[in-house]
Amino acid sequence: MSNLLNNLNPAQKEAVKTTEGPLLLLAGAGSGKTGVLTKRIAYLIENGVRPFNIMAITFTNKAAGEMKQRVAAATPYGNDVWISTFHSSCVRILRREINILGYETHFSIYDADDSQRLIKDILKKLNINEKNFSPKSIANEISSLKNNLISAASYKKTVENDYRMKTISNVYTKYQSYLKQNNALDFDDLIFKTVQIFMQYPDILEKYQERFKYILIDEYQDTNACQYSLIRLLSAKYKNICVVGDDDQSIYGFRGADIRNILNFEKDFTGAAIIKLEQNYRSTETILKAANNVIKNNIGRKSKTLWTDKGKGEKIKFYRANNDLDETLFIADEIKKAVENGGKYSDFAILYRNNSLSRTIEDRLVKNAIPYRLFGGVPFYSRKEIKDVLGYMKLLYNPYDNTNIQRIINVPKRGIGASTLDKLTAFADENNISLYESLFRIEEITELKTRTKKINEFINIIEELKEFSKTSSIYDLINEILSKTGYINELQAEGTEEANGRIENLNELLSKAIEFENISEEPSLSSFLEEVALVADIDNYSEDSDTVVLMTIHSSKGLEFPTVFLIGFEEGIFPSYRSTLDPSPSAVEEERRLCYVAITRAKEKLYITCAKSRLQNGQYNSNLPSRFFDELPMELLETYSLDTQTNKKHLSDFQEVKIISGAAKTSSFKHHAEYSTKGAENYNNTLAPKNVKIDFEIGDKIKQLKYGVGTVIDIMPAGADFEITVEFPSTGKKKFMAALSKLQKI
DNA sequence: GGATTTTAGGTTTTT
DNA sequence: CCTAAAATCC
C-alpha cells in the first residue's frame with residue numbers, strides 16, 4: 001500500500017477510504033477537496049478498480065484538466081479515468097448514441113448566440129411580436145424547462161389557456177424541430193438528450209452503468225434537475241456515487257442549479273454516508289470569521305463550521321470611496337505599494353459582481369502600468385470575427401446547419417443579401433431541404449435567376465474548403481478560410497483601429513488552433529469545434545504570469561489568491577438590484593452565498609470597497625454600502641475613507657459608515673441629499689457633462705429629420721450627454737440624445 | 001443591396 | 001454606458 005493517506009486529516013482519510021455506496025462529502029471552502037478527490041481515485045485504482053470504470057465530473061474544463069494531471073501523476077493508468085465536465089461527457093456519449101434519436105453523429109453544438117438567432121427566426125415566422133417575447137427571455141425559459149427535464153411535448157400538455165405559456169410552447173416545439181433539421185443541439189440538449197436516451201433505452205443505459213461503476217461529482221451544489229437525473233440513472237445499478245460540494249457555495253441558481261440536490265442527498269440516495277471537511281487550509285482566521293458571519297444569516301443550511309489554525313492575520317480593510325474613480329485609485333495605490341515592497345502582481349485578484357464594473361478599474365490599471373488579465377466580459381469565442389470563422393467551420397462540418405449558413409453566406413459581402421436569403425429559405429422550407437441543398441437548386445427559383453452566379457461562387461468556396469478540410473490541419477484550414485473567402489482582405493483594406501483589433505483576434509484564434517493541435521489527443525475539426533463551444537474563458541486561467549487578475553465572483557469559484565479586492569460592495573450591485581426585488585428571500589440568499597465565495601477566495605488579505613457615487617449605465621447613482629456590510633463583525637474591520645479637503649485617505653470611524661448605512665435603510669432620500677452636498681468638489685466634477693455643449697432651452701422650437709417640428713419640453717443630463725425631450729404635434733413626446741441626434745434649432 | 005445614421009433597449013452571474 | 005437593430009439614404 002502506498003503512502004496515499006499520509007498527510008491527510010482524519011475526515012479526509014475517511015473520505016478517501018469510503019469507496020462503496022453513496023457518499024456525500026461536504027467540503028467547505030479551502031478544505032483540500034481537490035487533493036482528496038485525486039487521492040480517492042488513486043485509492044480506488046490501488047484497490048483493484050479498473051481506471052476505465054471510474055468517472056469524475058467537474059464543473060469546468062480547467063478543473064477537469066487539473067484533476068487529470070494530478071490523477072495521472074498519482075497512479076499508473078490514471079489517464080484511463082474518464083474526467084470531464086457534464087457537457088463534454090454527454091457529447092462523448094451522444095457522438096456514439098444519438099443516432100437512435102434520429103440525429104446524425106456529426107451534430108453541431110449551438111451556443112447561446114446560435115440559439116437566440118434560431119429563436120429569433122422562429123418568432124418572425126410565427127409572427128410573434130418581439131416586444132412581448134424577446135428572443136433572450138424565450139431562450140431562458142426554454143433553457144430552464146430543459147434543465148427541469150420538461151420536453152416540448154410534455155410542456156404543451158401543461159399550458160392550457162395561458163397565452164404566454166402557449167406561445168412559449170409553440171416556439172419551443174418549433175425550436176426543437178428546427179434544431180433537429182439543422183442537426184444541432186444546444187447546451188441544455190447535450191445533457192437532456194443523454195438523459196432521454198438513458199430513460200428510453202435501458203440496454204444503452206446498462207452499458208454505461210457497467211462502464212461507470214464508480215462515479216464522482218464535484219461541485220454538486222451547482223447541479224440542476226437534468227444533471228441530477230443523469231447521475232441518478234448512471235449510478236442506479238452499482239450505487240457507488242460520491243458527490244462533493246458545499247451548499248454555501250451554490251451560486252448558479254440562475255442557470256437552473258438546484259440547491260436541493262445537495263440538501264436532500266441523504267434522502268434521495270438511501271444509505272448515504274456523510275463526511276464533512278471543515279478544516280480550512282487557505283485563509284486566515286479573520287477572513288474565515290468574516291465569511292462565517294455573513295453566511296450564518298442564511299437559513300436552511302447544512303450545519304458546518306469552518307476553522308483554521310493559520311492564526312488571525314490582518315484585519316479586513318474596508319474603503320468607502322467618494323466615487324468609482326476614487327475607488328480605483330485606492331486599489332491601484334495599494335497594489336503599487338505592495339509591489340514596491342516586494343510583492344508580486346499575481347498576488348492580487350480584483351473580484352466584482354458583474355462585468356461592467358471592470359471597465360473603470362481597467363482604465364486605472366492601464367494608466368498606472370499595472371499588468372492585468374481580464375477574464376469574462378465579451379468572451380473571445382463570441383466576438384463577431386471569431387464567430388464568423390467558426391460559422392464557416394461549423395458549416396463545413398455539418399452542412400445542415402442552416403443557422404450558420406445564414407450567418408456567413410454574405411460575410412464578407414458577396415451580394416447575397418437579406419431578400420435573396422428570404423427566398424432561399426422559403427424554397428428550402430417548401431421542398432423540405434436544408435438551406436445548403438437549396439443553393440444547388442438555385443436554377444429552379446425563377447426570382448433568383450440573377451443571383452445564380454453569386455450563389456454558385458459561394459458553393460464553390462464551400463466545396464473547395466470542405467475538400468481542403470479533409471486533409472488539412474485546423475490551423476491551415478482557418479488560414480484557408482480567411483484567404484479564400486476574402487475575409488482577411490476586407491479587414492486589411494479597412495485599416496481602421498477596429499479592423500486591426502479584429503485581425504489581432506483572428507491571429508489569436510490561429511494560435512489557439514496551434515495550441516489545440518499540440519495538446520489534443522485527436523485534433524479533428526469535430527473536437528476543435530467541441531472544445532471551442534464548451535470552453536469557458538476561465539479555463540485558460542493559469543497562475544504562471546505575473547499579473548493582477550480581474551474576474552467576476554462567479555468565475556473565481558475554486559480559485560484562491562493571497563490578496564483579494566472585492567469591489568462595488570453596494571446595494572443594487574451586490575446584492576444585485578434584481579435579487580432585492582425578488583419577493584422570495586432565496587434570491588438574496590444566493591447573493592449572500594456569492595459573498596461567501598468572494599470572501600473565502602482570499603488567503604491572507606482582504607479588501608472590500610464601495611463608492612458613494614458611481615457611473616452606472618450612463619448615469620451617476622448614489623449607492624448605499626451593501627447590506628452584507630452589516631453582517632461583517634466590526635472588530636475584524638479597518639475602515640477608511642477619503643478626506644475630500646486634503647484628498648488624503650484616512651482611517652475613519654467604523655461607526656460613521658455603519659450608521660450611515662443603517663440610517664439610510666429607512667430613508668434613502670436623506671442619504672442621497674447627504675452625499676450630494678458632502679465632498680461637493682469631487683462629486684460635481686465628475687457629474688457635469690463635459691463634452692457636450694448644448695444650445696437648447698426648454699420651449700425652443702426644433703426640427704428633427706423624421707418627426708418634423710416640435711417643442712423642447714425637458715432637458716436632462718445623462719452621463720456625458722443630455723437627454724432632450726421634445727413634444728411633436730403629430731407623434732407626441734420623443735427623447736433624443738443631444739450629441740447624437742441632429743436636432744436643429746429653428 | 002449595402003452603408004450610414006438614428007433609435008431602442010438592456011443592465012447578473014455562464015456551461 | 002453599451003450594443004444591436006431599425007430606419008434612412010445612396
Side-chain angles (χ1 to χ4, degrees), chain A residues 57-64 84-91 109 111-113 116 120 130-131 134-137 140 143 147 186-191 219 222-224 226-227 251-257 324 351-357 359-360 375-379 381-382 384 410 412-421 450-451 454 533-539 551-557 568 572-580 582 587 590-591 593-594 597-598 614-621 704-707 718-721 723 734-737 739-743:
Chain A
I57 301 287
T58 59
F59 190 68
T60 63
N61 293 293
K62 176 175 180 275
S84 67
T85 62
F86 271 108
H87 295 269
S88 305
S89 295
C90 288
V91 172
I109 301 168
D111 60 22
D113 195 74
Q116 270 181 46
K120 213 167 169 184
E130 277 193 26
K131 289 254 155 50
S134 77
K136 198 176 171 183
S137 72
N140 276 335
S143 170
N147 287 333
D186 67 16
F187 276 153
D188 306 307
D189 276 344
L190 294 177
I191 299 166
E219 307 283 8
D222 287 320
T223 51
N224 60 37
C226 195
Q227 293 163 335
I251 55 174
Y252 282 92
F254 67 93
R255 210 169 78 188
D324 44 358
L351 307 182
Y352 35 81
R353 177 64 182 82
N354 62 9
N355 280 304
S356 65
L357 289 170
R359 199 169 307 124
T360 41
F375 294 90
V378 177
Y381 288 113
S382 48
K384 182 186 179 302
N410 202 31
K413 303 278 183 303
R414 49 173 78 91
I416 309 176
S419 65
T420 308
L421 196 53
T450 55
R451 303 276 125 197
K454 307 209 160 184
L534 301 180
V535 85
D537 203 17
I538 192 68
D539 292 329
M551 60 174 74
T552 62
I553 302 167
H554 280 90
S555 299
S556 76
K557 194 175 70 164
I573 295 179
F574 195 17
S576 75
Y577 178 62
R578 276 170 76 129
S579 71
T580 60
D582 201 313
E590 177 146 326
E591 298 282 313
R593 291 193 291 272
L594 197 54
V597 169
R614 179 184 299 278
L615 186 59
Q616 280 175 289
N617 305 325
Q619 55 181 12
Y620 283 91
N621 289 336
Q704 200 270 349
L705 267 171
K706 186 173 167 190
Y707 302 107
D721 200 350
E723 187 181 76
K734 295 276 169 194
K735 289 176 176 179
F736 303 92
M737 299 305 281
L740 294 173
S741 57
K742 290 170 183 159
L743 298 181

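Residue numbers start from 1 in every chain, and the chains themselves are labelled A, B, ... in the order their sequence lines are given, proteins ahead of strands. Side chains are part of it too, since the values below use all heavy atoms of this structure and drop only hydrogens, waters and symmetry mates.
Distance A:Arg414 CZ to B:dA3 P: 13 Å, rounded to the nearest Å. A:Leu615 places its CG atom 18 Å from the P atom of B:dT11, with the value rounded to the nearest Å. B:dT13 atom P lies 5 Å from atom CG of A:Asn355, rounded to whole Å. For the pair A:Asp186 CG and B:dT14 C1', the interatomic distance rounds to 14 Å; values are reported in whole Å. For A:Glu590 and B:dT14, the CD to P distance is 13 Å, given to the nearest whole Å. Separating the CD1 atom of A:Ile57 from the C1' atom of B:dT15 is a distance of 12 Å, rounded to the nearest angstrom. For the pair A:Leu190 CG and B:dT14 C1', the computed distance is 14 Å after rounding to whole Å. The CD1 atom of A:Ile191 sits 17 Å away from the P atom of B:dT14 (whole-angstrom rounding).
Backbone-only engagement by A:Lys120 is indicated by non-hydrogen atom pairs under 4.0 Å involving sugar-phosphate atoms exclusively. Nucleic acid contact for A:Ser356: none, since no nucleic acid atom lies under 4.0 Å from a heavy atom of the residue. Backbone-only contact: A:Asn410 has heavy atoms under 4.0 Å from sugar-phosphate atoms and none from a base. The residue A:Tyr577 sits apart from the nucleic acid: no heavy atom pair falls under 4.0 Å. Among the protein residues, A:Tyr252 comes within range of the sugar-phosphate backbone only, with heavy atoms under 4.0 Å from sugar or phosphate atoms but none that close to a base.
Considering only side-chain N and O atoms, A:Ser555 lies under 4.0 angstrom from the phosphate OP1 or OP2 of B:dT14. Between A:Lys454 and B:dG1 there is no side-chain polar atom (N or O) within less than 4.0 angstrom of OP1 or OP2. A sub-4.0 Å separation between OP1 or OP2 of C:dT3 and a side-chain N or O of A:Lys136 is absent.
Within the 3.5 Å criterion, the main-chain N or O of A:Ile251 finds a donor-acceptor partner in the side chain of A:His554. Within the 3.5 Å criterion, the main-chain N or O of A:Gly253 finds a donor-acceptor partner in the side chain of A:Glu590. No side-chain donor-acceptor contact under 3.5 Å links A:Asn147 to the backbone of A:Cys226. Proximity of a side-chain donor or acceptor of A:Asn621 to a complementary backbone N or O of A:Arg614 within less than 3.5 Å is not detected.
Of the two residues contacting DNA chain B, namely A:Ser579 and A:Phe59, the nearest-nucleotide position lying further toward the 5' end is that of A:Ser579. Residues A:Thr85 and A:Glu591 each lie close to DNA chain B; by heavy-atom proximity, the contact nearer the 5' end of the strand is made by A:Glu591.
Applying side-chain contact (heavy atoms from CB on, under 4.5 Å) to A:Lys557 and the options A:Thr552, A:Asp222, A:Leu594 leaves one that passes, A:Asp222. Results of the side-chain hydrogen bond (donor to acceptor under 3.5 Å, both in side chains) test with A:Ser143 over A:Asp186, A:Asp188, A:Asp189 single out A:Asp188 as the only residue that passes.
For A:Lys413, the listed nucleotide lying nearest its side chain is B:dA3; candidates were B:dT13, B:dA3, B:dT15. When the nucleotides C:dC2, B:dG2, B:dT15 are ranked by their closest atom to the side chain of A:Phe187, B:dT15 comes out on top. Side-chain proximity of A:Thr420 to C:dC1, B:dT14, B:dG1: nearest is B:dG1. Of the candidate nucleotides B:dG1, B:dT11, B:dT14, B:dT14 has the atom lying nearest to any side-chain atom of A:Thr552. Counting only heavy atoms from C-beta on, A:Arg451 has its side chain closest to B:dG1 among C:dC1, B:dT11, B:dG1. Closest to the side chain of A:Arg359, from the set C:dC2, B:dT14, B:dT13, is C:dC2.
Evaluation of A:Phe254 against the base of B:dT13 yields a stacking contact (centre distance < 5.5 Å, interplanar angle < 30°).
Using the Watson-Crick or G-U wobble rule with both distances under 3.5 Å, B:dT14 pairs with nothing in any strand shown. Both distances falling under 3.5 Å, in either a Watson-Crick or a G-U wobble arrangement, place C:dA4 opposite B:dT7.
Note that the CG atom of A:Leu351 and the CZ atom of A:Phe574 stand 9.5 Å from one another [nearest 0.5 Å].
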